Every structure is written in structure tokens, then in C-alpha cells.
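One structure below.
In what follows, chains carry the letters A, B, and so on, assigned in the order in which the sequence lines appear, proteins first and then strands, with residues in each chain numbered from 1. Side-chain atoms are counted along with the backbone in the values below, which use heavy atoms only and exclude waters and symmetry mates. Predicted, not measured: the structure shown is a model, and the values here were computed from it.
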Protein chains: 2
Amino acid sequence: MISRAESAAATRRALLDAAAELLDSGGLDAVTLRAVGARAGVTRGAPYRHFLDKESLLIAVGTRAWDTLGDRMQALRAEPGLSAAEKIRGGLLALIDVGRFQPHLYKLMFSNPPGDPTALARAAQRSQTEFLAVVADLVGEQEARRYAALLISSANGIAGLQASGQLADPKWGGVSAEDLTDTLVDMIAGKGRHA
Amino acid sequence: MISRAESAAATRRALLDAAAELLDSGGLDAVTLRAVGARAGVTRGAPYRHFLDKESLLIAVGTRAWDTLGDRMQALRAEPGLSAAEKIRGGLLALIDVGRFQPHLYKLMFSNPPGDPTALARAAQRSQTEFLAVVADLVGEQEARRYAALLISSANGIAGLQASGQLADPKWGGVSAEDLTDTLVDMIAGKGRHA
DNA sequence: CTCAAGAGATGACATCGTCAACTGAAACTC
DNA sequence: GAGTTTCAGTTGACGATGTCATCTCTTGAG
């Protein structure tokens, strides 16, 4: 027996799944409320029972993606038998992989919606805080903020270039996202060791 | 006396200007063909005499932005009395400044439009080639590709984080885009000196 | 059993991108 | 210079979309 509240929660989840799937497969343009509703088995008006408007639905999709990334960061940080540098590398690649395999979702995660420009930044907090802690293990509290910001920026940029296909340009000599990440981590780790 | 071709070229320019202004002030949502036409002194159908569709108009706006950035890169590279590191710093900040002061334009420059995913990447070529040459002056031909890709990625990420307002978060301890750029250039320059 | 609450369906409206048909003036041909 | 062509720009129309108001019907509380 499913209660009404459970049914409503299931619909909400179905709407989020449908929006995420449409986003992955067809980009932002493919995410229309009518298509989302149809894929979730309801009609175009139903989303308004669960979200304020389309923008709120998209923010919820992005927030959920940030949450799962935050889980991965947290698990990675707690992983025994990994050096700080390896954890950093893993965290960066976790972010980069989203950009690589779900470029549209990735863009959504870093967009700031007109209505509430801080919504997604708030959702990103836990991921970034976890990452900050790992970086602090390598370079110390003192410099962690600066380097963590630089690392996340760089990973963001690598993922962005990869998502837009520019990394594939032969001009860069076939360098991969992993190569860039390794180069970056090496530079930071070098700094850390000398400090 | 203005010929018909001159008038048409002027209209085309007015349409590009109008689209760029609307993009800057109100974001992508504010760029409707009707609004663009109105601001350029024509009606909604006129853009179709100069561009295939709305996407082509936006690509043209992004292309023009890449061209002016390419000009700045070229001028910077030719500037006498600047070290390679200073030129690199200047080039990175030129890119970052677009992200900072024209975030919507910046996003457009790095978006790959569904119709022609390679159009803007082609427009970015000259800027990146100029930059690549400057980096080669610092770290040598051999490693220039890798480091240039990393630098552009990082600058892209810094600009992106700044554009989405996340850099302002006190979590990062008030680090600025300039700080990150300097840290980055120092690391590369260190590498370059030791190589 | 009664009835309020709320999830979902549906009709309607404004706005958007786009196309087809039309208008008028500049540019070309003879 | 008259006739014709070309083409920038206008206008009307259409389908799609986000959103609101209204309606229906099931669920859960009293």
C-alpha cells in the first residue's frame, strides 16, 4: 500500500530523473516541462505541484548532482591507504568526469540561475569543503584555501574545455584531462613538499 | 551617400551590437530576436536577412568576441619590454576579465552550439595560438602544449568560478582571480626555470 | 460518512523562433 | 531613361513553450 505522500515523493523523483535524462541526452533545449512530464508519466502541469517553476526544477537537478558528488568526495577523503595527492587527484577527476560524460549536467551545476544566483553555489559547498580538507592535508591549513581554489578552478576549466571538445584539438598535442590533472597535482605536491 | 551594401552591413553590425548589449545586461534569456531587432531599429524578421537563424547570430557574437580577444593577445605578444611570464599573466587576465565583466558573453564564447559544435572553437583558434607562442617562449616548444592547455584551462576555470560568483565565498579566504593567476604563473615559471 | 486538502488534468494565454508572402527602393540591363 | 531584377525589411501566421486558473478525483482526518 502506498500512501499519498509516498506517491507524491515518487512523482517528484520521477520528474527529477526525467529532467536529468533529457538533459543528458538532448541538452538543455530538450528539457521542456511537457517532455519531462511525459517521461515521468504525468502531464505538463504536474511539475508545478512539486516545483515553483521550471528553473526550480533545474536547480533541484543540479543540487542533486552536487550532493552525489559530495558523497563521492566524502568517501574518497575517508578512504584509507590513499595519499593526500592521490585523494586530490581522485577528487579532481571525479569532477572532471562529470564534465566529460555529462557535459550538459556539468554546465547546469556551474550555472547561476537568474532567480536565485546563489542556489547552486550553496549546493556545491559540501563537495568543496571536503576537497578543501584533503588539500589541507597536503599543503597545510595556511595555504589550503589558495591552492584548493586554484585546483578547483583548474579542474573546472579542464572539464569545461573537454566538455566543449576543445581539448581534442591537435594544437594541444593530444594532451588528455588526466595528463593535465597529473601535471597540476605534481606541481602542487611539489610546492607542498618544499613548504 | 550610402550604398545598399553599406546600409546592409551597418544593419548587420547594429544587430550584433544589439545582441551583445542585451546579452550583457540581461543574459541569454533577454536576447530575443524581437528585442534584438527593436534595439537595432528593425523588426523581428530582419535578422533573417543577415543570419541563418538565432543560433547563427549568437555564434557571430561569440566569434566577434574571440576576434577582439585575439587582437589583444597578438598585441600583447608583440609588446616589447615585457617578460614571457608577464605576457602570460596579461593574456590570462585578458581572458579572465571577460569572464568577470561580461559573464554572459564569456559563457557564450565557451558554449558549443548544437548546430555547429565546432564554430566557436574555430573562432578561438587565433587567441589560443598566440597564447601558445608566448608560453613556448617561457617553457620551450617541447612542453608548451601541455602547459598552455593547463594555463588556459585554469584561466577558464578561474573565470568560470568568478562568473558564477563562487570565488567570492569566504571559504576561499578572499582569494582573488589575480591571486590565483599569479600563483599559477609562478608555478609554471618555476618549472620553466628549472627545465 | 462527511469533507477539506492536495495531486494531477485540462483549457487558455502571452511569448518565442521561424516561415511564407508581400512591399518598396536601389542597382542593373538595354 | 524605361523596364526589370534583386534584396533588405515588414507583416501575418503557425507550432511550441512556460505559466496561470480552473476543474476533477482520490486520499486521509474528524
Point to revise | Pairing of A/Asp116 and A/Arg122 as salt bridge, 4.0 angstrom limit | key: yes
Review point. Does the pair B/Arg100/B/Glu178 count as a salt bridge with the N-to-O cut at 4.0 Å?
Key: yes
Side chains of [X] and [Y] only: does a donor on one sit below 3.5 Å from an acceptor on the other?
X        : Y        : value
B/Asp71  : B/Thr68  : no
B/Asp169 : A/Gln125 : yes
A/Asp179 : A/Thr181 : no
A/Asp97  : A/Tyr106 : no

Rounded distance (Å) that lies between atom [atom2] of [N] and atom [atom1] of [X]:
X       : N      : atom1 : atom2 : answer
B/Asp53 : C/dC19 : CG    : C1'   : 12 Å
B/Lys54 : C/dC19 : NZ    : P     : 14 Å
A/Phe51 : D/dT19 : CZ    : P     : 13 Å
B/Leu57 : C/dG17 : CG    : P     : 10 Å
B/Leu28 : C/dC16 : CG    : P     : 13 Å
B/Arg34 : C/dC16 : CZ    : P     : 6 Å

Practice item. Can you see which heavy atom on A/Ile152 is nearest to which on B/Trp172, and at what distance? Key: CD1-CH2, 3.7 Å
Revision key, fill the gap. What one should report as the nearest heavy-atom pair of A/Tyr147 and B/Met187 is CE2-SD, 4.2 Å
Check your understanding: Which residues pass the salt bridge (charged side-chain N to carboxylate O under 4.0 Å, His left out) test with B/Asp137, sequence neighbours left out?
Key -> none
Review point. When we call it a touch if two heavy atoms are under 4.0 Å apart, what does B/Val36 touch: a base, just sugar-phosphate, or nothing?
Key: nothing
Pull out every protein N or O sitting under 3.5 Å from an N or O of nucleotides 8-11 of chain D, one pair per line with the distance.
| unit_1 | atom_1 | unit_2 | atom_2 | d |
| --- | --- | --- | --- | --- |
| D/dG9 | OP1 | B/Thr11 | OG1 | 2.6 |
| D/dG9 | OP2 | B/His50 | NE2 | 2.6 |
| D/dG9 | N7 | B/Arg49 | NE | 3.2 |
| D/dG9 | O6 | B/Arg49 | NH2 | 3.4 |
| D/dT10 | OP2 | B/Thr43 | N | 2.6 |
| D/dT10 | OP2 | B/Thr43 | OG1 | 2.4 |
| D/dT10 | O5' | B/Thr43 | OG1 | 3.1 |

Practice item. May I ask you to evaluate whether B/Tyr48 reaches the phosphate of C/dT18, defined as a side-chain N or O under 4.0 Å from OP1 or OP2? Key: yes
Practice item. Give me the bend of the helix from C/dC1-D/dG30 to C/dC30-D/dG1, using the axes of the five pairs at each end, rounded to 10°. Key: 10°
